[in-house]
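Heads up, the thing below is written out as structure tokens.
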Amino acid sequence: MQACHGKEAPLKRTKPGDWIVYYSPSTEMGGGKPCQAFSTLGQISSDEVTQVTMAPGFKPFRKEVQYVDAKLAPIRPLIASLSFIKNKEKWGAAFRYGLFEIPESDFQQIATAMGVVLQTALPISKTSLS
């Protein structure tokens, strides 16, 4: 996974076993069509942070994730019930911080909307959103 424009520090806060869900505002970085959906979900599988070269001058940091089969889950039907979205009218502001922890109940709701059934309860410290 890559988060926060390839910064290393946010990835170092995650540990193997942590779950992550991605929100995609659009179909392409910096443009494309609006997507506004949770797009992928997985579990951190390594503690190692690696750096890769994607282009001259752009060497983002990444971490290994085991992704699960999931479908896109539009955010609009979930906004009212997600507790990490404090301002329901300006809900996009909640995503401005990149990688952040969310409550287990919110993570479970998102996973369910993505068609993913998790086998066990997740500790709150093990759920993040990027």
With a 4.5 Å limit on heavy-atom distance, are the side chains of Lys86 and Trp91 in contact?
-> no
Asp69 atom CG, over 12 foreign heavy atoms within 6.0 Å = no
Heavy-atom pair of closest approach, residues Met114 and Ala73 = CG-CB, 3.6 Å
Please step through side-chain contact (heavy atoms from CB on, under 4.5 Å) for the pair Ile44 and Gln66, ending with a clear verdict.
-> CA-CA 6 Å; Ile44 305 290; Gln66 290 296 122; over 6 Å; no
Just by distance, do the side chain of Asp18 and the backbone of Gln43 share a donor-acceptor pair under 3.5 Å?
-> no
Would you say Ile110 and Val116 make side-chain contact, with heavy atoms under 4.5 Å?
-> no
Take Gln108 and Trp19 through the test side-chain contact (heavy atoms from CB on, under 4.5 Å) and record every step on the way to the result.
-> CA-CA 11 Å; Gln108 293 281 4; Trp19 285 88; over 6 Å; no
Any side-chain donor near an acceptor of the partner, Ser46 and Lys63, under 3.5 Å | no
Any side-chain heavy atom of Gln36 within less than 4.5 Å of one from Tyr23?
-> yes
Approximate separation, where rounding is to 0.5 Å, of Ile85 CD1 and Lys90 NZ | 14.5 Å
Reported CG-to-OG distance for the pair Leu72 and Ser39, which is rounded to 0.5 angstrom = 6.5 Å
Give, for atom CZ of Phe95 and atom CZ of Phe100, the distance between the pair rounded to the nearest 0.5 Å.
-> 5.5 Å
Side-chain donor/acceptor of Lys15 to backbone N/O of Asp47, under 3.5 Å = no
Give the ring-plane orientation class for Tyr22 versus Tyr67, where under 30° counts as parallel, over 60° as perpendicular and anything between as tilted.
-> tilted
Any donor-acceptor N/O pair, Arg13 side chain to Leu99 backbone, under 3.5 Å | yes
Find out whether Leu78 and Phe38 are in side-chain contact, i.e. whether some heavy atom of one side chain is under 4.5 Å from a heavy atom of the other.
-> yes
Would you say the side chain of Val65 lies within less than 4.5 Å of the side chain of Ile20, judging by non-hydrogen atoms?
-> yes
Under 3.5 Å: donor-acceptor pair, side chain of Ser24, backbone of Ser26 = no
Any chance you could lay out the side-chain contact (heavy atoms from CB on, under 4.5 Å) test for Leu82 and Gln109, step after step, and finish with the verdict?
-> CA-CA 8 Å; Leu82 294 174; Gln109 274 186 78; 4.2 Å; yes
Please check if atom CD in Gln51 has more than 12 non-hydrogen atoms from other residues, nucleotides or ligands closer than 6.0 Å.
-> yes
Mind checking whether Phe58 and Thr53 have side chains closer than 4.5 Å, heavy atoms only?
-> no
